[in-house]
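One structure is given below, encoded as structure tokens.
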Amino acid sequence: MFAEERQEVILAKLKSLGRVFAKELAQEFEVSIDTIRRDLTTMEQKGLIKRTHGGAVPLSKVRRFPIDDRIRYSEGTEHQNAVAKLATSFIEPGDTVFIGGASIHYVLLKYLPVDWNYTVITNSLVIADKLQHQRNIETYIVCGKVKSEEGIVDPLATEFMRTLRLDTAFLTGGGISAKHGLSSSTPEGAIFQRTVAEVSRQTVCLANFDKVGTEFFAKTIDLKGLDILITDWEAPHEEIERIEELGVKVLIAQENYL
């Protein structure tokens, strides 16, 4: 099989499976793993796929449309859980923190500290509902028009955020890259998160491996507006190095962190 034919098969597998592993592809095609890595590198250079540490995932569109709530509000992947658990180590007694309504924010809830008091600001009805019975957490919900896709992100919500001051904001988005910074699916969501970053003493971005090196439709903030990036063990090393060179502290949640 020629390289071009093999790459076509790999692309078809990605579309149907959502992810491929270099080791498994090498066994299937009966070629060396270095050959598969060259295939994946070529495909990434052509803008067809996104490389990961152990294989590849489909290239994201610049916009991601709403996902089913059963997926958004679920137990999360092993990568999300590792990132979320590490993130909660940045919550200290008496803090005021922002937690949005993304799927990784929902995963974050099960690792929140329970031994001291602190305050959570959220723009998500689901997150607020989950936190209302936590005795050690004082919860405030942002006011504005309810929008299930990204939580409450309209101009009223943005203006409300401008009146606050936060210790730490846990931000996320569709992608983060050295070139484009943190980005989101919609301008409204990007503007809201930008405002959250502006009123926060510390900004922490939660981004699993498939978001690192990805650029989405609307830019949220430059990397100079970000203090810490928490990602996982499969994030592309080259992109991590470029992000670190721009002054962002990068923490890698390990596979055995849970």
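Computation of the quantities below employed the complete heavy-atom set of this structure, encompassing side-chain atoms and omitting hydrogens, waters and symmetry-equivalent molecules.
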Side-chain heavy atoms nearer than 4.5 Å, only ILVMFWY residues, links allowed to pass through others: does that put [X] and [Y] together?
X	Y	result
L156	Y140	no
L226	F209	no
V204	V97	yes

Return the minimal non-hydrogen interatomic distance between [X] and [Y], and the atom names on each side.
X	Y	value
T195	M161	CG2-CB, 3.9 Å
T158	V153	OG1-O, 3.9 Å
A87	L206	CB-CD2, 3.6 Å
A56	I49	CB-CD1, 3.7 Å
V20	L14	N-CD2, 3.8 Å
N136	V114	ND2-CA, 3.4 Å

Is a side-chain donor or acceptor of [X] paired with a backbone partner of [Y] at a separation under 3.5 angstrom?
X	Y	answer
S89	K85	no
Q193	T172	yes
E239	A178	yes
T231	A207	yes
K224	G247	no
K23	I33	no
Q134	L131	no
D222	G225	no

Do [X] and [Y] have side chains that approach each other closer than 4.5 Å (heavy atoms only, starting at C-beta)?
X	Y	value
R51	R37	yes
L251	F90	yes
L229	I240	yes
Q80	S103	yes
N81	Y111	yes
T96	Y118	no
D232	E78	no
F217	T186	no

Next item on the list: Give a yes or no on this: more than 12 heavy atoms of other residues, nucleotides or ligands lie within 6.0 Å of atom CD of E5.
Entry: yes

Next item on the list: Inspect the surroundings of NZ in K130 and state if more than 12 heavy atoms from other residues, nucleotides or ligands are less than 6.0 Å away.
Entry: no

Notebook entry, point to check: With a 4.0 Å cut-off, would you call R242 and E245 a salt bridge?
Noted result: no

Notebook entry, point to check: Salt bridge check: are E234 and R19 linked by an N-O gap of less than 4.0 Å?
Noted result: yes

Check: Can you name the one residue among V196, V142, V199 that meets side chain to side chain contact (heavy atoms under 4.5 Å, CB included) with I121?
Finding: V142

Next item on the list: Have a look at L171 and tell me which of I99, T203, T220 forms a side chain to side chain contact (heavy atoms under 4.5 Å, CB included) with it.
Entry: T203

Margin query: According to ring-ring contact (aromatic ring centres under 6.0 Å, His included), does anything in residues 9-36 pair up with another residue at least two apart or in another chain? List the pairs.
Written below: none

Roughly how far, to the nearest 0.5 Å, is the [atom2] atom of [Y] from the [atom1] atom of [X]?
X	Y	atom1	atom2	value
L40	L11	CG	CG	11.0 Å
I104	L109	CD1	CG	11.5 Å
T41	D34	OG1	CG	10.0 Å
R201	R165	CZ	CZ	10.0 Å
N123	C143	CG	SG	11.0 Å
D154	I191	CG	CD1	11.0 Å

Item checked: Check against side-chain contact (heavy atoms from CB on, under 4.5 Å), L182 and R194 -> CA-CA 10 Å; L182 181 63; R194 188 181 310 142; over 6 Å; no

Item checked: Between T35 and R38: side-chain donor-acceptor atoms closer than 3.5 Å -> yes

Notebook entry, point to check: Do you see a donor-acceptor pair shorter than 3.5 Å between the side chains of Q202 and T168?
Noted result: yes

Next item on the list: Please identify each residue that fulfils ring-ring contact (aromatic ring centres under 6.0 Å, His included) with H237, with sequence neighbours left out.
Entry: H53

Item checked: Counterpart residues, side chain to side chain contact (heavy atoms under 4.5 Å, CB included), relative to Q7 (two or more places apart) -> A3, D39, T42, M43, K46

Next item on the list: Mind telling me whether H79 and W233 have parallel, tilted or perpendicular rings, with 30° and 60° as the class edges?
Entry: parallel

Check: Between F160 and I152, is a side-chain contact (heavy atoms from CB on, under 4.5 Å) present by the stated rule, with each step listed?
Finding: CA-CA 11 Å; F160 177 79; I152 305 169; over 6 Å; no

